[in-house]
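Read through the structure below, which is laid out as structure tokens, and then see the notes.
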Amino acid sequence: MPTPRAFEPNPLATAGWLALAAYIVYACSRLDFTWARFMTGLDNGARFIGRMLPPHIAQPDTLLKGLTESLEIAVLASVLGILVSLPIGLIAARNLMPAWASWPARALIALCRSFHPVIVAILFVKAVGFGALAGILALVVASVGFTAKLFAEAIEEISLKQVEAVRATGAPFMSLISYGVLPQVFSRFVGFATYQLDSNLRNSTMVGIVGAGGIGGTLFAAFQRFDYDFVCAILLCIIGMIMVVEVLATWVRGVFLERGKVQEE
């Protein structure tokens, strides 16, 4: 008896993989990607890293101010973005809302997710000027695009039995949401919120490069001065700050998950 294969031959899949390989070769040739250029880049990168070591904090006050501003931007943008995402995600849930309400909400979410936060930050810098306000507004848009989408999908996966039970009591719509929907998605929403805070902290270091406040402006200025040992110190501080926030976010997530399990029992 012949041994069954884990993956049966599929001519269409094989043709697709061959077409993908051919396109990769074509794209590399169009983009001037050569092995010699890659090796030259490795050599230049090694010299660049050599100039970055050892790290040196040339301007401690500027560094501390930039890190503090990035943290403030991330926290404010996360709070505002989550508050805006709650009603939008609820309206976008197709199992609770009619199509005429859910589709415009989903279109708004797709619009917020269409552009990278740096591009949105450039637009807000032009609109409100340089500074942290542009960074906060840009990350609020990014937060809505991510959190509202996941929140809507989480609501669409809930059991409608609990919703129908609350509705049968004649409860108003807000009570229906409070007692029939939120208890089923609260633990997941906490996870979405903590991840969004972590994401906004990372993005807050990038939007500063275009003048939207934060440590990114300090990093860009150090690059322009060829002060690479200070650049290394800034990068290490950014990594440390993100790791600390990640540990705190994981702890908060664990606390709420444990509380949710206790309430379910």
Side-chain angles (χ1 to χ4, degrees), residues 41-42 44-82 85 116-122 124-125 130-147 150 189-258:
L42 290 179
N44 293 335
R47 288 200 301 268
F48 175 68
I49 293 176
R51 296 180 63 181
M52 293 176 65
L53 299 175
H56 173 64
I57 301 179
Q59 302 175 17
D61 294 339
T62 303
L63 176 61
L64 181 61
K65 180 182 177 182
L67 291 173
T68 303
E69 191 171 69
S70 287
L71 182 61
E72 292 169 346
I73 290 173
V75 172
L76 290 174
S78 299
V79 172
L80 294 175
I82 290 169
S85 298
H116 193 276
V118 173
I119 298 177
V120 181
I122 293 174
F124 278 116
V125 166
F130 293 97
L133 179 59
I136 292 172
L137 295 175
L139 296 185
V140 166
V141 173
S143 299
V144 171
F146 177 82
T147 310
L150 293 183
F189 179 70
V190 171
F192 300 154
T194 53
Y195 179 81
Q196 189 59 50
L197 174 61
D198 179 62
S199 177
N200 282 341
L201 185 60
R202 286 182 276 113
N203 288 330
S204 68
T205 64
M206 293 190 297
V207 297
I209 296 176
V210 296
I215 192 62
T218 306
L219 179 63
F220 185 65
F223 265 113
Q224 288 184 314
R225 297 193 307 268
F226 305 103
D227 196 359
Y228 295 130
D229 52 354
F230 187 35
V231 168
C232 183
I234 294 173
L235 294 177
L236 292 175
C237 290
I238 292 174
I239 293 172
M241 180 176 64
I242 291 175
M243 291 180 65
V244 170
V245 172
E246 174 66 21
V247 171
L248 292 175
T250 303
W251 175 77
V252 171
R253 209 161 33 232
V255 169
F256 278 99
L257 289 177
E258 287 295 329

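- Among residues two or more places apart in sequence or in another chain, the side chain to side chain contact (heavy atoms under 4.5 Å, CB included) test is passed with L80 by I136, V140.
- Each salt bridge (charged side-chain N to carboxylate O under 4.0 Å, His left out) pair with one or both residues in residues 45-60, not counting sequence neighbours, appears once here: D43-R47.
- Under a 3.5 Å cut-off, the side chain of S85 and the backbone N or O of G81 do form a donor-acceptor pair.
- Evaluation of the side chain to side chain contact (heavy atoms under 4.5 Å, CB included) rule for I239 yields M243 as partners, not counting sequence neighbours.
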Working for side-chain contact (heavy atoms from CB on, under 4.5 Å), residues F124 and V141: CA-CA 11 Å; F124 278 116; V141 173; 3.9 Å; yes
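- For T194 (side chain) and G191 (main-chain N/O), a donor-acceptor pair under 3.5 Å exists by modelled atom type.
- Each salt bridge (charged side-chain N to carboxylate O under 4.0 Å, His left out) pair with one or both residues in residues 189-211, not counting sequence neighbours, appears once here: D198-R202.
- Atoms CG and CZ, from L53 and F48 in turn, are 10.0 Å apart once rounded to the nearest 0.5 Å.
- Atom-to-atom distance recorded for S78:OG and L201:CG is 8.5 Å, nearest 0.5 angstrom.
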Could you go through residues 217-231 and list every donor-acceptor pair under 3.5 Å that involves a side-chain atom there, pairing it with any protein atom two or more places apart or in another chain?
none

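- Residues in residues 53-62 take part in these side-chain hydrogen bond (donor to acceptor under 3.5 Å, both in side chains) pairs, two or more places apart or across chains: Q59-T62.
- F192 is linked by a ring pair (Phe, Tyr, Trp, His ring centres under 6.0 Å) to nothing, counting only residues two or more places apart in sequence or in another chain.
- Evaluation of the salt bridge (charged side-chain N to carboxylate O under 4.0 Å, His left out) test over residues 134-147, restricted to residues two or more places apart or in two chains, returns none.
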Could you list the donor-acceptor pairs under 3.5 angstrom formed between side-chain atoms of residues 63-76 and any protein atom two or more places apart in sequence or on another chain?
| unit_1 | atom_1 | unit_2 | atom_2 | d |
| --- | --- | --- | --- | --- |
| T68 | OG1 | L64 | O | 2.8 |
| E69 | OE1 | G214 | N | 2.6 |
| S70 | OG | G66 | O | 3.2 |
| S70 | OG | I215 | N | 2.7 |

Please tabulate, for side-chain N and O atoms in residues 206-213, each donor-acceptor pair with protein atoms closer than 3.5 Å (sequence neighbours left out).
none

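- In this structure, SG on C237 lies 11.5 Å from CD1 on I242, to the nearest 0.5 angstrom.
- Residues passing the side chain to side chain donor-acceptor pair (under 3.5 Å) test with S143 are Q196, N200, sequence neighbours excluded.
- Closest heavy-atom contact between P55 and A233: CB-N, 3.8 Å.
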